[in-house]
Amino acid sequence: GAKNKGKNRFEFYDANSDAVVAEKVKMEQAMRKAVEDDCKEFEVYYQPIMEFVNGIPTCCGAEALVRWNSPEYGLVLPDQFISQAEQLKLINSIGQHVLLEAAKSCKHWNDFGHPEYKVNVNLSVVQLTQSDFLDKLDMVLKQTAIDPQNLTLEVTESLAINDMERMIKLLDAIRAKGCRVALDDFGTGYSSLNYIRTMPLDTIKIDRAFVSDMNSDHFSEVFVKTISELADSLDVDVCVEGVEFDKQVDMIGKFSVNLAQGFFFDKPLTKEDFEKKYL
Ligand code: C2E
Ligand code: MG
Ligand code: MG
Ligand code: MG
């Protein structure tokens, strides 16, 4: 009966069931192997970031988004492997690979027609709290000769939760090298306006949850408007994530939002496709 079905379904999703554990172990082994194989299977995609120039959205660079192109699993999206990679500490190697690839790409764009393009790279808290993170960043800057101003590191609020003071020091050190810092997914998680007051930031990225609700939910609209005004008065850039409809573009056009990203403009593209379209 229904009761039995419910029970079976529960067992199927039970994270401790033998099948689930075996599958997880198999994927972990594949991930370890991919990391040992110089991270070649971890492919960096680029989603254009648009800047409103006299109201006209114009590409000003891209966010680097990793995909695991696995022979066994196909193209695996970050939500399906990043947290596992963090638990296994494999994220340090994967993240460094993404950072280097993204910096290389951006330097290439800068040298070939777009000196103004910037690249954003997502950082895991695991990566950022490595004792030698700043040395690893230095290596990338040196090896690629990218203008540090064109490299933005995206961090999330959860990062600051544990040790605010340490985080501020680290972000200050990153900015002292000339790189920029963006606060990703703002408004979700443990958000507090105190973060934007105390954290050294160049950009606030407003989570797509607010943007997708903007046209139907009054709170979301007011949230985006208010945060963008606050950011503007603090001289911090604002990027709205997840723009999918022209109605949203119209609305943010009335706010102090200067950057936008979303499927309305373009999806994350392979390096090759990004360069075909935007270089
Ligand atoms: P994020 O940094 O907030 O990146 C934006 C995510 O939203 C991307 O998902 C992107 O494909 C998606 N997106 C962009 N525009 C739209 C839109 O209009 N509508 C909708 N529904 N989605 C949109 P993706 O690539 O699957 O990445 C998910 C998350 O995984 C990222 O969120 C980021 O937190 C993490 N991630 C991605 N690459 C890396 C990486 O190299 N290192 C680390 N540590 N995390 C990464
Ligand atoms: Mg991001
Ligand atoms: Mg985000
Ligand atoms: Mg996110």
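One-based numbering, in listed order, for ligands and for the atoms of each.
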For this session: Flag yes if more than 12 heavy atoms outside K177 fall under 6.0 Å of its NZ atom; otherwise flag no.
Result: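 More than 12 heavy atoms, drawn from other residues, nucleotides or ligands, come within 6.0 Å of this atom.
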
Looking at [Y] and [X], is there a salt bridge between them, counting it only when a charged N and a carboxylate O are closer than 4.0 Å?
X	Y	result
D185	K205	no
K169	D172	no
E101	K104	yes
K107	D111	yes
K40	D37	yes

What do you reckon, does [X] put a non-hydrogen atom under 4.0 Å from ligand 1?
X	result
E63	yes
K267	no
E244	yes
P268	yes

Exercise. Out of the N/O/S atoms in D184, what is the name of the one closest to the Mg ion (ligand 2)?
Worked result: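 Closest N, O or S atom of D184 to the Mg ion (ligand 2): OD2.
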
For this session: Establish whether I227 and L234 are linked, either directly or via other cluster members, by ILVMFWY side-chain heavy-atom contacts under 4.5 Å.
Result: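 Same cluster.
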
Exercise. Sub-3.5 Å donor-acceptor pair from the side chain of R180 to the main-chain atoms of R175, do we have one?
Worked result: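 Pair absent, no side-chain N/O of R180 close to backbone of R175.
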
Would you kindly specify which portion of [X] sits under 4.0 Å from ligand 1, judged on non-hydrogen atoms: side chain, backbone, both or neither?
X	value
V98	side chain
D79	side chain
D185	side chain
S124	both

Exercise. Within E154, is some N, O or S atom less than 2.8 Å away from the Mg ion (ligand 2)?
Worked result: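 An N, O or S atom of E154 is closer than 2.8 Å to the Mg ion (ligand 2), so yes.
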
Problem set entry | Residues forming a ring-ring contact (aromatic ring centres under 6.0 Å, His included) with Y46, sequence neighbours excluded |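 Testing Y46 for ring-ring contact (aromatic ring centres under 6.0 Å, His included), a comparison that skips the adjacent residues, returns W109.
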
Problem set entry | Closest non-hydrogen atom pair, L151 against L141 |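 Shortest heavy-atom separation between L151 and L141 comes out as CD2-CD2, 4.0 Å.
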
Problem set entry | Distance filter under 4.0 Å to Q47 heavy atoms, resulting ligand 1 atoms |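 Ligand 1 atoms under the 4.0 Å threshold to Q47: 14 (C), 15 (N).
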
Problem set entry | Which of the ligand 1 atoms, numbered from 1, are nearer than 4.0 Å to a heavy atom of V66 |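 Counting atoms of ligand 1 from 1, those under 4.0 Å from V66 are 38 (N), 39 (C), 40 (C), 41 (O).
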
For this session: Using the Mg ion (ligand 3) as the apex, give the angle to atoms OE1 (E241) and OD1 (D185), rounded to 10 degrees.
Result: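 Rounding to the nearest 10 degrees gives 150°.
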
Problem set entry | Summary of side-chain hydrogen bond (donor to acceptor under 3.5 Å, both in side chains) pairs that have at least one residue in residues 218-231, sequence neighbours excluded |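 Checked against side-chain hydrogen bond (donor to acceptor under 3.5 Å, both in side chains) - neighbours excluded - the pairs reaching residues 218-231 are D217-S220, K225-E229.
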
For this session: Report, rounded to 10°, the angle at the Mg ion (ligand 2) between the two atoms OD1 (N122) and OE2 (E63).
Result: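 Once rounded, the angle between the two atoms at the Mg ion (ligand 2) is 90°.
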
If you measure from [atom] to every heavy atom of [options], which option wins on shortest distance?
atom	options	value
atom 6 (C) of ligand 1	R208, E241, Q261	R208
atom 10 (C) of ligand 1	L77, L65, D184, V126	L65
atom 42 (N) of ligand 1	L128, N120, N122	N122

